[in-house]
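Have a look at the structure below, then the notes.
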2 protein chains.
Amino acid sequence: MVKNNREQIHHLLRNSHLSVTETRVKILELFMKSNGALEHSDFEKKLGQSFDRVTIYRTLQAFLDKGIIHKIPTTDTSVRYALCKSECSEHDHHDHHVHFKCEECGTTLCLEETDVPSIQLPKGYAVHNVEVVVSGVCKQCK
Amino acid sequence: MVKNNREQIHHLLRNSHLSVTETRVKILELFMKSNGALEHSDFEKKLGQSFDRVTIYRTLQAFLDKGIIHKIPTTDTSVRYALCKSECSEHDHHDHHVHFKCEECGTTLCLEETDVPSIQLPKGYAVHNVEVVVSGVCKQCK
DNA sequence: AATTACCTGCAACTAAGTTGCATATTTCTT
DNA sequence: AAGAAATATGCAACTTAGTTGCAGGTAATT
Ligand SMILES: [Mn+2]
Ligand SMILES: [Mn+2]
Ligand SMILES: [Zn+2]
Ligand SMILES: [Zn+2]
């Protein structure tokens, strides 16, 4: 039997020891139905003014802490967020996939199938994490 | 005969069709003597209040446009800048090296010797640029 | 030295992010 | 199912980041 979204979300939140609130459910629904990564302003736009800005900041921070979402690096000041699809948990993210930013449509995608390569650094550096962000033109825009 | 810094800077600016001004020289000197990448607040700190914030923004933007500096992606809202050591020019950056962020001291470094690997994306994506940011512990901090 | 081109500082504004605290909502306990 | 405890939210107030127009200043060109 297939769980519906609401149920999934409920379990996700409970497993992360977060209480189930309207804001959190709405934001998770947004993540689930959206194609690419989302940035803060997307939430303000898509949720209208039904939720306070501060609540959205705090919700995203909570999701990050619990390993529900991850950040994607950018060269501008925006911060992009996407759902963790692997089994991330509190303080233990392992989203070892490549991210793609389309220069045409602006969408940022998680390429779950594309692993980050291992990088050989000069002697003396300890590597903890490798982020790869590719930019170019996406399938849709070609 | 070895050129001194001032002369180098002068030539760099003239070659980029930028006039030689105090702000630009000071900011380039800062880049040259600093170890890692710099962010906007570093300039305000290190230059004191001798220059207007706006001037610093515009100076960095001009350097970016001319291929004198490049940005380094981060997962926070800060933007880091570093000198281009390869032969970048107006609207044509090619800094194909890996960046390293130390989790201990916070320094962000250009690892000029470490090339970014080529990445094989799923069919349908056109790749224009690949950014690699490694985090971990640097030589000094180990 | 004068003219032109370009750069800078200021003011005013918009957007982004943080913190403390009172109130509201959710969860736990009985 | 009701009350107590724990947690989340909204608001206000504040800080930091970034943008734009414009007047005056500095650098380059002749
Ligand atoms: Mn991702
Ligand atoms: Mn670099
Ligand atoms: Zn696209
Ligand atoms: Zn370090």
Side-chain angles (χ1 to χ4, degrees), chain A residues 6-7 9-30 37-66 68-69 71-81 90 106 108, chain B residues 6-7 9-30 37-66 68-69 71-81 90 106 108:
Chain A
R6 287 273 165 170
E7 280 178 53
I9 286 173
H10 192 101
H11 281 93
L12 181 53
L13 288 172
R14 291 330 315 265
N15 287 341
S16 305
H17 309 289
L18 291 173
S19 40
V20 179
T21 68
E22 207 193 332
T23 323
R24 288 172 180 168
V25 172
K26 278 266 169 54
I27 288 185
L28 283 176
E29 282 177 342
L30 249 181
L38 297 170
E39 58 182 296
H40 188 273
S41 65
D42 291 326
F43 299 105
E44 299 202 41
K45 273 175 218 139
K46 296 187 183 174
L47 300 177
Q49 64 287 78
S50 28
F51 302 100
D52 194 80
R53 267 170 2 101
V54 178
T55 304
I56 296 171
Y57 281 115
R58 290 197 270 225
T59 303
L60 294 172
Q61 188 56 55
F63 289 176
L64 281 171
D65 291 344
K66 300 298 186 176
I68 296 174
I69 60 176
K71 287 185 182 183
I72 301 165
T74 63
T75 48
D76 55 39
T77 45
S78 73
V79 183
R80 304 251 162 175
Y81 304 89
E90 190 148 7
T108 299
Chain B
R6 287 273 165 169
E7 280 179 54
I9 287 173
H10 192 100
H11 281 94
L12 180 52
L13 289 172
R14 293 325 318 264
N15 287 340
S16 305
H17 309 290
L18 291 173
S19 41
V20 179
T21 68
E22 207 194 332
T23 322
R24 289 172 179 169
V25 172
K26 278 266 169 54
I27 288 184
L28 283 176
E29 282 178 341
L30 249 181
L38 297 170
E39 60 183 295
H40 188 272
S41 63
D42 291 326
F43 300 106
E44 298 203 41
K45 272 176 218 138
K46 296 187 182 172
L47 299 177
Q49 64 287 77
S50 27
F51 302 100
D52 194 81
R53 270 173 357 105
V54 179
T55 304
I56 297 171
Y57 281 115
R58 290 197 270 226
T59 303
L60 293 172
Q61 188 56 56
F63 289 176
L64 281 171
D65 290 345
K66 299 297 187 177
I68 296 174
I69 61 176
K71 287 185 183 183
I72 300 164
T74 63
T75 48
D76 54 41
T77 44
S78 73
V79 183
R80 304 250 162 176
Y81 304 89
E90 190 148 5
T108 299

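All figures in this text were calculated on a predicted structure; none of them were measured in a lab.
- The nearest pair of heavy atoms linking B/Arg24 to B/Ser19 is NH1-O, 3.0 Å.
- Each of B/Arg53 and B/Thr77 was matched to the nucleotide of DNA chain C holding its nearest heavy atom; the match closer to the 5' end belongs to B/Arg53.
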A correct 5'-to-3' footprint of nucleotides 5-10 of chain C, with B, S and - meaning base, sugar-phosphate only and no protein heavy atom under 4.0 Å, is -SSBBB
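- With sequence neighbours left out, the side chain to side chain donor-acceptor pair (under 3.5 Å) criterion links B/Thr74 to B/Asp76.
- Distance check, rounded to the nearest 0.5 Å: CD of A/Glu22 to OG1 of A/Thr55 gives 11.0 Å.
- Taking atom CG of A/Asp76 as the reference point, atom P of C/dA15 lies 16 Å away to the nearest angstrom.
- Under the ring pair (Phe, Tyr, Trp, His ring centres under 6.0 Å) criterion, A/Tyr81 pairs with no residue at all, not counting sequence neighbours.
- In the 5' to 3' direction, nucleotides of DNA chain D lying under 4.0 Å from heavy atoms of chain A begin and end at D/dT7 to D/dG18.
- Using a 4.5 Å heavy-atom cutoff, the side chains of B/Phe43 and B/Lys26 are not in contact.
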Using side-chain contact (heavy atoms from CB on, under 4.5 Å), reason through A/Leu28 and A/Ile68 one step at a time and then give a plain yes or no. CA-CA 9 Å; A/Leu28 283 176; A/Ile68 296 174; 3.9 Å; yes
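- At a threshold of 4.5 Å between non-hydrogen side-chain atoms, the residues A/Thr21 and A/Leu13 do not count as touching.
- Between the CZ atom of A/Phe43 and the P atom of C/dG17 there is a distance of 12 Å, rounded to whole Å.
- The list of salt bridge (charged side-chain N to carboxylate O under 4.0 Å, His left out) pairs with a residue in residues 46-60 of chain B, not counting sequence neighbours, is empty.
- A donor-acceptor pair is defined here as one N or O able to donate and one able to accept, closer than 3.5 Å; such a pair exists between the side chain of B/Asp42 and the backbone of B/Glu39.
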task: Apply side-chain contact (heavy atoms from CB on, under 4.5 Å) to the pair B/Leu60 and B/Val79, showing each step before the final yes or no.
output: CA-CA 11 Å; B/Leu60 293 172; B/Val79 183; over 6 Å; no
Anything under 3.5 Å between a protein N or O and an N or O of nucleotides 28-30 of chain C, put it in a table, one pair a line.
none

